[in-house]
Amino acid sequence: MDLKRKLSRLSSAGPGSQARAPVNTVAVAPAVEPPAVEARALDEAVPRVPPVEEAGTTTIAEVLVQALRKRLAMDGESEAAHDVGGGAGATEEARVSESGLADEGAQARDARLVDEGAGARTDGLVDLREEARRRFAAKRGGAAEPGAPDPRVEALRQMLSFWAERQGTASARKAVEPLPEPRALPVEARSTPHGTVHVAEQLYPPEHRHGIAPVAAALDVEARLVAGLALHPELESVDFTRMLMLDTETTGLAGGTGTVPFLVGLGWFEGRSLRVQQLFLRRMGEEAPMLRLLAERMASSSCLVTYNGKSFDWPLLRTRFVLNRVPVPKELPHLDLLHCARRVFKHRGEGARLVHLESKVLGHHRVGDVDGSLIPELYFRFLRGTDGSELVPVLEHNQKDLLLLAALLGDLVRRFQSEGTERQDPRDLLGFAQVAERAGDAERALTFAKAAAESGGPVGIEALVLASRLCRRSGDCETAVAHLQRALTFAKPGQGAVLHLSLTKLYEHSLKDLPRALHHARLAAPVELPADHQLRLERLERRLSRQGA
């Protein structure tokens with residue numbers, strides 16, 4: 001049998017043959033040592049795979065190369081025997097004898113393969129995976145059973161199964177939210193002497209409440225209290241029944257000429273009902289009619305009520321008036337509730353965001369409200385051709401802001417009237433007391449301070465210090481000392497040095513009680529510079545010595 005026939009038999013297990021061999025299989029040849037010359041040629045033709053010492057690295061490629069070497073060695077020996085026994089002078093008997101020997105050799109090889117039983121097949125093929133397992137087990141000194149699963153493969157299968165299970169669980173957790181139904185933008189084109197303006201309007205009845213606060217309570221505020229709360233004396237002469245609440249939605253928060261207010265929300269009272277009107281900019285370049293309508297509404301109003309409008313909304317609108325060559329309307333007295341809220345609620349330490357105050361102060365929690373940071377992008381998508389349904393939540397967000405302005409104004413002024421102080425948060429009472437002190441309303445400030453002092457703790461200490469300061473200004477130094485002495489009972493160790501310093505000044509300068517002044521001066525050392533503290537002690541000691549003499 002020549003080399004070509006052997007190779008054809010070897011390749012008969014590949015694709016296209018009738019008797020197809022399983023994947024990763026190769027014919028097994030008997031282990032016959034090749035001649036030295038052909039062995040060297042084989043080594044040059046087929047590069048040897050370097051031995052791998054680590055367990056578990058026997059590959060199918062290594063088994064394939066070794067099996068190929070054995071096959072080529074067997075073919076070389078067969079050809080050599082044919083050359084020796086054959087030739088031009090060989091007889092037919094020799095050829096028959098050679099054929100018989102070859103058949104006997106083939107039978108012997110088949111018998112050996114059956115006896116070995118290491119993954120051999122009846123058709124002379126061996127599964128390379130089984131051969132690799134056998135060699136791997138032999139290297140590690142163990143005996144691998146034929147057909148035993150590879151533990152690494154099993155571990156990989158378990159890992160993939162666990163990963164697929166987790167992916168399925170995660171996908172099940174992510175509930176697919178249904179897409180919102182398309183809604184038409186609730187604005188209508190309204191013809192005005194200045195052009196077409198797109199407007200959305202809604203009227204809220206007098207009994208409408210935003211959270212716990214009635215919206216119509218904004219009509220009952222006293223101008224004097226509002227002026228004191230805002231620290232804005234100009235508001236004392238304002239008729240708040242004709243106020244105009246203003247809130248804008250813009251294409252960004254940077255301000256300047258590139259920021260456009262595409263929605264201007266206005267709110268005013270008609271009787272005790274609140275009218276909300278929203279001016280919508282359907283496309284760029286149509287601001288002038290909207291701005292002229294806003295100017296007319298401002299001309300019939302007494303003041304503006306906004307939240308951060310002094311710093312953002314009104315400066316932006318004023319810039320748009322100039323850029324569109326529309327006369328800027330006369331500026332009205334401006335009540336910015338952001339400044340009031342910061343002064344009153346600063347002791348909460350939670351900031352003064354409008355939506356936060358809405359939930360914490362008024363008890364109104366918005367559901368499904370649009371995030372303010374997404375509003376510019378929603379408007380840009382509308383300009384690019386969307387149906388406008390995505391802007392419906394933006395209009396609702398703006399309406400709620402206007403309702404919140406009216407409700408917050410009425411609630412702040414009602415609470416500033418110092419009625420029912422025992423039912424308020426002590427931190428808010430302290431804020432109201434400080435605002436009243438700055439407004440020059442000492443009586444109201446003292447009322448709030450005494451109510452806040454009932455809570456004790458840091459708020460109570462600060463409230464008592466404020467009450468002591470107010471009593472000292474009014475000349476009631478004994479009561480001022482009593483407030484400070486009470487504050488010392490709330491102070492923790494190491495926190496009373498400031499109180500001792502205040503008592504030192506009161507006893508020395510107001511009550512002329514030098515021994516008590518010296519006592520408290522010695523306890524005030526942590527809050528004074530060493531040199532100043534020493535001078536105070538020496539001065540008090542000298543005065544005491546002269547008084548004794």
Side-chain angles (χ1 to χ4, degrees), residues 202-248 265-277 297-298 301-314 332-346 348 352-364 366 398-420 424-425 428 431-432 435-436 439 441 444 448:
Q202 189 167 355
L203 185 66
Y204 292 90
E207 62 274 10
H208 184 81
R209 303 176 74 90
H210 194 74
I212 61 174
V215 174
L219 290 171
D220 303 326
V221 299
E222 297 181 24
R224 181 179 59 86
L225 292 178
V226 175
L229 187 63
L231 302 179
H232 196 343
E234 185 183 357
L235 295 174
E236 289 187 5
S237 58
V238 168
D239 179 13
F240 279 92
T241 60
R242 296 190 301 112
M243 61 183 159
L244 177 65
M245 283 155 282
L246 173 69
D247 184 64
T248 63
L266 306 174
W268 66 88
F269 284 97
E270 297 178 353
R272 294 191 67 85
S273 299
L274 180 64
R275 172 77 65 179
V276 172
Q277 185 181 80
R297 174 52 55 185
M298 290 181 63
S301 302
S302 60
C303 69
L304 284 179
V305 179
T306 64
Y307 200 86
N308 196 32
K310 283 187 176 181
S311 301
F312 182 76
D313 295 86
W314 175 243
L332 300 173
H334 198 151
L335 172 60
D336 194 335
L337 291 178
L338 172 63
H339 302 161
C340 302
R342 280 178 174 171
R343 299 187 193 105
V344 172
F345 302 116
K346 65 179 180 180
R348 294 192 178 203
R353 292 183 63 244
L354 188 59
V355 178
H356 176 77
L357 295 180
E358 183 180 36
S359 61
K360 298 297 183 180
V361 178
L362 301 181
H364 180 82
R366 300 191 185 186
N398 185 256
Q399 288 177 4
K400 293 177 182 177
D401 286 349
L402 292 170
L403 292 172
L404 176 56
L405 286 177
L408 183 61
L409 173 60
D411 187 71
L412 281 175
V413 176
R414 178 188 60 81
R415 297 170 65 182
F416 193 52
Q417 290 176 347
S418 71
E419 296 178 359
Q424 296 190 38
D425 191 320
D428 300 345
F432 281 122
V435 170
D441 194 345
R444 192 179 305 276
F448 278 110

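For this chain, numbers begin at 1 and follow the sequence in order.
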Going by atom types alone, do Ser302 and Asp239 pair a side-chain donor with an acceptor below 3.5 Å?
no
Rounded to the nearest 0.5 Å, how far does NE2 of His334 lie from CG of Asp313?
7.5 Å
Is any NZ, NE, NH1 or NH2 atom of the basic residue among Arg272 and Asp220 found under 4.0 Å from an Asp or Glu carboxylate oxygen of the other?
yes
Which atoms form the tightest heavy-atom contact between Glu222 and Val413, and what is the distance?
N-CG1, 4.2 Å
Can you tell me how far CG of Leu402 sits from OH of Tyr307, rounded to the nearest 0.5 angstrom?
14.5 Å
With distance as the sole test, does Asp336 use its side chain to make a donor-acceptor pair with the main-chain N or O of Gly309 at under 3.5 Å?
yes
Nearest 0.5 Å, please: how far is NE2 in His364 from CD1 in Ile212?
12.0 Å
Report, as yes or no, whether the 6.0 Å neighbourhood of atom CZ on Arg342 holds more than 12 heavy atoms from other residues, nucleotides or ligands.
no
Do any N or O atoms from the side chain of Asn308 and from the backbone of Leu338 form a donor-acceptor pair under 3.5 angstrom?
no
Residue list, side chain to side chain contact (heavy atoms under 4.5 Å, CB included) with Lys360, at least two apart or on another chain:
Arg348, Glu350, His356
So how far is it from Arg275 CZ to Leu266 CG, rounded to the nearest 0.5 Å?
12.5 Å
Do Leu335 and Leu409 have side-chain heavy atoms sitting under 4.5 Å apart?
yes
Nearest-0.5 Å distance, CZ of residue Phe432 to CG of residue Leu412:
5.5 Å
